[in-house]
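Position 1 is the first residue of the sequence; numbering continues from there.
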Amino acid sequence: MRGFRFALVRAARSRSRAELQTVQRRPPSDLAQRFSHSASAPARPSFGIAFDIDGVILRGRSPIGGAPRAIRRLYSEEGSLKIPFLFLTNGGGVPEHRRALELSQLLGVNISPAQVVHGHSPYRELVKRFKDDLIVAVGKGEPAVVMSEYGFRKVLSIDEYASYYKDIDPLAPFKTWKVGQTDSYMFAKVHPSYDVYSERVKGVFVVSDPVDWGRDLQVLCDILSTGGLPGTEKGDQPPLYFAADDLEYQAAFPSERLGMGAFRIALESIFNQINDHPLKYTSYGKPNPFVFKNAANILGKLIISMYPNSQTSMEVKDCQFSTIYMVGDNPKVDINGAMKAGHPWSSVLTRTGVFRGKDNDPQFPADAVVDTVEDAINYILEKECVQ
């Protein structure tokens with residue numbers, strides 16, 4: 001059975017690589033074709049744009065606010081990138097290259113994986129610390145696959161981890177659904193050789209919004225209270241990381257939905273009631289200024305990719321953007337984050353998601369308020385004198 005699961009993992013990874021290779025082969029989605037400019041191309045843009053996704057570009061899986069038409073304005077007629085931009089979202093749960101493929105299909109343009117920054121993307125920086133340690137990945141989608149592709153070698157999804165412990169979820173017999181019937185669940189068993197019953201969990205990573213809150217709260221309290229080995233005595237809490245801390249976000253439903261921040265509040269409240277020491281954790285995602293600094297660095301690399309000529313590349317390597325526009329729908333997350341990041345960030349607030357107000361948000365006022373993402377791009381290009 002272990003060999004069968006391991007084979008499934010390898011097949012799944014091969015499919016993921018095949019998808020990425022397909023995207024890379026499909027003209028003009030090759031990076032050089034996407035970003036290259038001829039010698040007669042306009043001067044290098046002095047600004048960049050970061051777009052939130054949910055509530056700005058998409059609602060559920062449907063484009064909103066004229067997003068496909070608006071985003072196409074950032075490309076040349078030949079399909080190469082004209083204005084450096086990326087998607088800066090607290091969402092995730094799938095590898096960046098897969099989200100890029102999805103966005104490319106929905107928006108009708110070629111999106112590079114480098115243009116997708118998830119809330120969990122900074123987890124890459126923690127690989128050296130946890131590379132050979134057992135970690136648990138939590139959330140919707142394929143959290144264990146995400147972590148494995150980042151380079152973590154011993155990853156179990158919380159679905160897989162909970163399945164080892166009989167009766168760890170006392171409500172399991174009353175649930176009408178069954179976890180683990182899809183390929184994404186089988187992805188998680190990357191290293192079936194170690195003994196889960198004796199090896200302690202050294203880190204917990206909430207990659208995306210948890211699905212089964214009741215079970216996940218119980219299992220995480222078990223892991224975090226016992227030093228990483230459920231069913232044993234109290235122990236030191238393993239490190240805990242959240243990819244984001246959104247209390248609410250805009251999904252397909254008309255009103256906002258509870259996000260990862262709500263789950264964090266629930267876990268923290270319960271943990272602190274049953275333990276002598278408060279829960280310790282680290283949160284990434286917007287509005288953390290680190291996220292915006294990282295996005296600025298990525299936009300700088302996109303500029304270099306857009307101008308591959310060696311002389312031009314040297315000129316842009318040390319360039320500073322005069323302005324980077326954050327286009328978002330959530331004042332507490334998108335606008336607050338841009339304010340915390342400071343220069344060169346400027347914020348544009350849309351009315352297609354969390355924010356629906358007539359005037360600016362009183363607590364986190366944006367530099368500009370517009371109705372849709374199309375209006376936001378019109379505003380930016382007009383301000384930057386771009387046709």
Cluster overlap [X] with [Y], hydrophobic side-chain contacts below 4.5 Å:
{"X": "Ile335", "Y": "Phe290", "answer": "no"}
{"X": "Val354", "Y": "Leu88", "answer": "no"}
{"X": "Met339", "Y": "Ile380", "answer": "no"}
{"X": "Leu267", "Y": "Tyr249", "answer": "no"}
{"X": "Phe321", "Y": "Tyr379", "answer": "yes"}

Aromatic ring proximity, centroids under 6.0 angstrom, Phe242 and Phe205: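 No - the distance between ring centres of Phe205 and Phe242 does not fall below the 6.0 Å cut-off.
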
Tyr325 ring center near Phe51 ring center (under 6.0 Å):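 Ring centroids of Tyr325 and Phe51 are no less than 6.0 Å from each other.
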
If only atom types and distance count, is the side chain of Arg257 paired as donor or acceptor with the main-chain N or O of Ser255 below 3.5 Å?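 At least one qualifying donor-acceptor pair exists.
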
Point-to-point distance, once rounded to the nearest 0.5 Å, from [atom1] of [X] to [atom2] of [Y]:
{"X": "Asn275", "Y": "Ile270", "atom1": "CG", "atom2": "CD1", "answer": "11.5 Å"}
{"X": "Trp345", "Y": "Lys340", "atom1": "CH2", "atom2": "NZ", "answer": "14.5 Å"}
{"X": "Leu247", "Y": "Ile265", "atom1": "CG", "atom2": "CD1", "answer": "5.0 Å"}

Specify whether Tyr165 and Tyr161 have parallel, tilted or perpendicular ring planes, treating 30° as the upper limit for parallel and 60° as the lower limit for perpendicular.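 Taking Tyr161 first and then Tyr165, their aromatic rings sit tilted (interplane angle of 30° to 60°).
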
Please work out which of the three classes, parallel, tilted or perpendicular, describes the rings of Phe85 and Tyr75, given edges at 30° and 60°.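 Judged by the thresholds at 30° and 60°, the geometry between Tyr75 and Phe85 is perpendicular.
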
Might you point out which heavy atoms bring [X] and [Y] nearest each other, and give the distance in Å?
{"X": "Ala341", "Y": "Phe292", "result": "CB-CB, 3.6 Å"}
{"X": "Gly227", "Y": "Pro238", "result": "C-CG, 4.0 Å"}
{"X": "Leu381", "Y": "Phe47", "result": "CD2-CZ, 4.1 Å"}
{"X": "Thr232", "Y": "Leu229", "result": "OG1-O, 2.6 Å"}
{"X": "Val94", "Y": "Val146", "result": "C-CG2, 3.5 Å"}

Check the pair Asp245, Arg264 against salt bridge (charged side-chain N to carboxylate O under 4.0 Å, His left out), reporting the backbone distance first and the verdict last. CA-CA 7 Å; Asp245 204 28; Arg264 191 267 303 164; 3.0 Å; yes

In a table with atom names and distances, give each donor-acceptor pair under 3.5 Å that connects a side chain of residues 124-141 to protein atoms at least two apart or in another chain.
from, atom 1, to, atom 2, distance (Å)
Arg124, NH2, Glu96, OE1, 3.3
Arg129, NH1, Tyr241, OH, 2.9
Asp132, OD1, Arg153, NH1, 3.2

Is a salt bridge present between [X] and [Y], judged by a nitrogen-to-oxygen distance below 4.0 Å?
{"X": "Glu142", "Y": "Arg98", "result": "yes"}
{"X": "Asp169", "Y": "Lys175", "result": "yes"}
{"X": "Arg73", "Y": "Glu374", "result": "no"}
{"X": "Asp159", "Y": "Arg215", "result": "yes"}

Ser346 and Asp367: CA distance, side-chain angles, deciding distance, side chain to side chain donor-acceptor pair (under 3.5 Å) verdict: CA-CA 6 Å; Ser346 178; Asp367 296 310; 3.0 Å; yes

Within the structure provided, determine whether Ile57 and Ile64 are in side-chain contact (heavy-atom separation under 4.5 Å).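 Sidechains of Ile64 and Ile57: no contact.
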
Show every salt bridge (Lys or Arg N to Asp or Glu O under 4.0 Å) that has at least one partner inside residues 282-301, sequence neighbours left out.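 Qualifying pairs: Asp52-Lys286, Lys286-Asp334.
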
Verdict with reasoning, Ser80 to Glu78, per side chain to side chain donor-acceptor pair (under 3.5 Å): CA-CA 6 Å; Ser80 60; Glu78 295 77 24; 4.9 Å; no

Would you please test Gln250 and Arg356 for side chain to side chain donor-acceptor pair (under 3.5 Å) and show each step? CA-CA 11 Å; Gln250 184 64 59; Arg356 308 288 177 86; 2.9 Å; yes

Between Arg61 and Glu102, does the salt bridge (charged side-chain N to carboxylate O under 4.0 Å, His left out) criterion hold? Intermediate values first, please. CA-CA 9 Å; Arg61 281 184 50 84; Glu102 176 191 32; 2.3 Å; yes

